[in-house]
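Beneath this line is the structure, given in structure tokens, with notes to follow.
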Amino acid sequence: MDPVVRAAIDAANKNDLAAFLACFTEDGVVDDWGREFRGAQRITEWSDNEFIGKKVSLDVTEVDERDGETVVTAQVGGDGFHGPSHFSFRVEGDKVARMTIRA
């Protein structure tokens, strides 16, 4: 698994928003089921309401490299959504440019 993807997953599991944000490029994007949040402020707002703010936990069950992206399958827990999800990470340099979440 790409080190920055591992860092983002670890930060989410530690509920460490600052460390999670540090994994993204300045104009990084979270695409949560088609809703896009670009940049640290918008990612923070999304995360506070739906991700780290809900004490998310990601139990990784599979990692795959597809079309230049790292696809992480995880069982999501916490105080929000529960169930399996796929997290596709597009990395540019040593930062995440885009994290896409789908079923």
Side-chain angles (χ1 to χ4, degrees):
M1 181 183 313
D2 189 290
V4 73
V5 171
R6 170 54 59 200
I9 298 286
D10 288 348
N13 280 329
K14 292 176 185 170
N15 294 289
D16 185 341
L17 179 61
F20 182 72
L21 292 173
C23 294
F24 284 83
T25 61
E26 187 175 318
D27 63 344
V29 175
V30 170
D31 174 344
D32 186 4
W33 295 74
R35 297 174 304 135
E36 290 193 0
F37 305 90
R38 181 179 303 276
Q41 181 62 39
R42 297 273 302 156
I43 293 172
T44 296
E45 292 166 3
W46 163 80
S47 181
D48 285 349
N49 291 314
E50 301 183 43
F51 200 60
I52 290 174
K54 294 291 186 183
K55 298 181 174 80
V56 71
S57 64
L58 304 173
D59 181 15
V60 175
T61 58
E62 186 178 344
V63 178
D64 192 20
E65 300 293 330
R66 285 186 225 151
D67 301 322
E69 294 187 340
T70 301
V71 180
V72 176
T73 304
Q75 183 68 30
V76 180
D79 296 336
F81 173 83
H82 284 162
S85 284
H86 300 283
F87 298 80
S88 298
F89 293 86
R90 188 173 70 228
V91 175
E92 293 178 2
D94 63 350
K95 299 282 186 178
V96 173
R98 183 178 198 86
M99 179 179 85
T100 302
I101 307 169
R102 296 292 189 271

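FYI, the numbering just counts along the sequence from 1. Heavy-atom basis, side chains included; hydrogens, waters and symmetry copies ignored. Source: prediction; values computed, not measured.
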| query | Under 4.5 Å between side-chain heavy atoms, hopping through other hydrophobics if needed: is there a path connecting Phe37 to Val29? | reply | no

| task | Please lay out, stage by stage, how Asp32 and Phe81 fare under the test side chain to side chain contact (heavy atoms under 4.5 Å, CB included). | result | CA-CA 12 Å; Asp32 186 4; Phe81 173 83; over 6 Å; no

| query | Is the backbone N or O of Gly80 less than 3.5 Å from a side-chain atom of Lys55, with the two atoms forming a donor-acceptor pair by type? | reply | no

| message | Just checking Asp67: does its CG atom have more than 12 heavy atoms from other residues, nucleotides or ligands closer to it than 6.0 angstrom? | response | no

| said: Once salt bridge (Lys or Arg N to Asp or Glu O under 4.0 Å) is applied, do any residues pair with Asp94, and if so which ones, sequence neighbours excluded? | reply: none

| note | Here the pair of heavy atoms bringing Gly28 nearest to Ile43 is O-CD1, 3.6 Å

| Does Glu69 have any salt bridge (Lys or Arg N to Asp or Glu O under 4.0 Å) partners at least two apart in sequence or in another chain, and if so, which? | none

| Within residues 2-22 or reaching into it, pairs that qualify as salt bridge (Lys or Arg N to Asp or Glu O under 4.0 Å) - sequence neighbours excluded | Arg6-Asp10

| Should Ile101 and Val71 be regarded as members of a common hydrophobic cluster, given that ILVMFWY residues are connected when their side-chain heavy atoms come within less than 4.5 Å of each other, either directly or indirectly? | no

| field | Residues forming a ring pair (Phe, Tyr, Trp, His ring centres under 6.0 Å) with Phe20, sequence neighbours excluded | value | Phe24, Phe51

| What's the shortest heavy-atom distance between Lys54 and Asn49, and which atoms? | CE-O, 3.1 Å

| message | If you compare all heavy atoms of Asp27 against all heavy atoms of Arg38, which two are closest, and at what distance to 0.1 Å? | response | O-NH1, 3.2 Å

| task | Would you give the length of the straight line joining atom CE of Met99 to atom CD1 of Ile9, rounded to the nearest 0.5 angstrom? | result | 7.5 Å

| said: I need the minimum non-hydrogen distance between Val56 and Asn15, along with the two atoms involved. | reply: N-OD1, 3.4 Å

| said: In the structure I gave you, are the side-chain heavy atoms of Val60 and Phe87 within less than 4.5 Å of one another anywhere? | reply: no

| request: Decide if atom CD of Glu26 counts as having more than 12 heavy atoms of other residues, nucleotides or ligands within a radius under 6.0 Å. | output: no

| query | Which heavy atom in Leu58 sits nearest to a heavy atom in Asn13, and how many Å separate them? | reply | N-OD1, 2.6 Å

| request: Could you pull out the closest heavy-atom pair between Asp64 and Arg66, with the gap in Å? | output: OD2-NE, 2.8 Å

| field | Pairs satisfying side chain to side chain donor-acceptor pair (under 3.5 Å), at least one member in residues 79-93, at least two apart | value | Thr73-His86

| field | Residues that Asp31 engages under salt bridge (Lys or Arg N to Asp or Glu O under 4.0 Å), provided they are two or more places apart | value | Arg98, Arg102

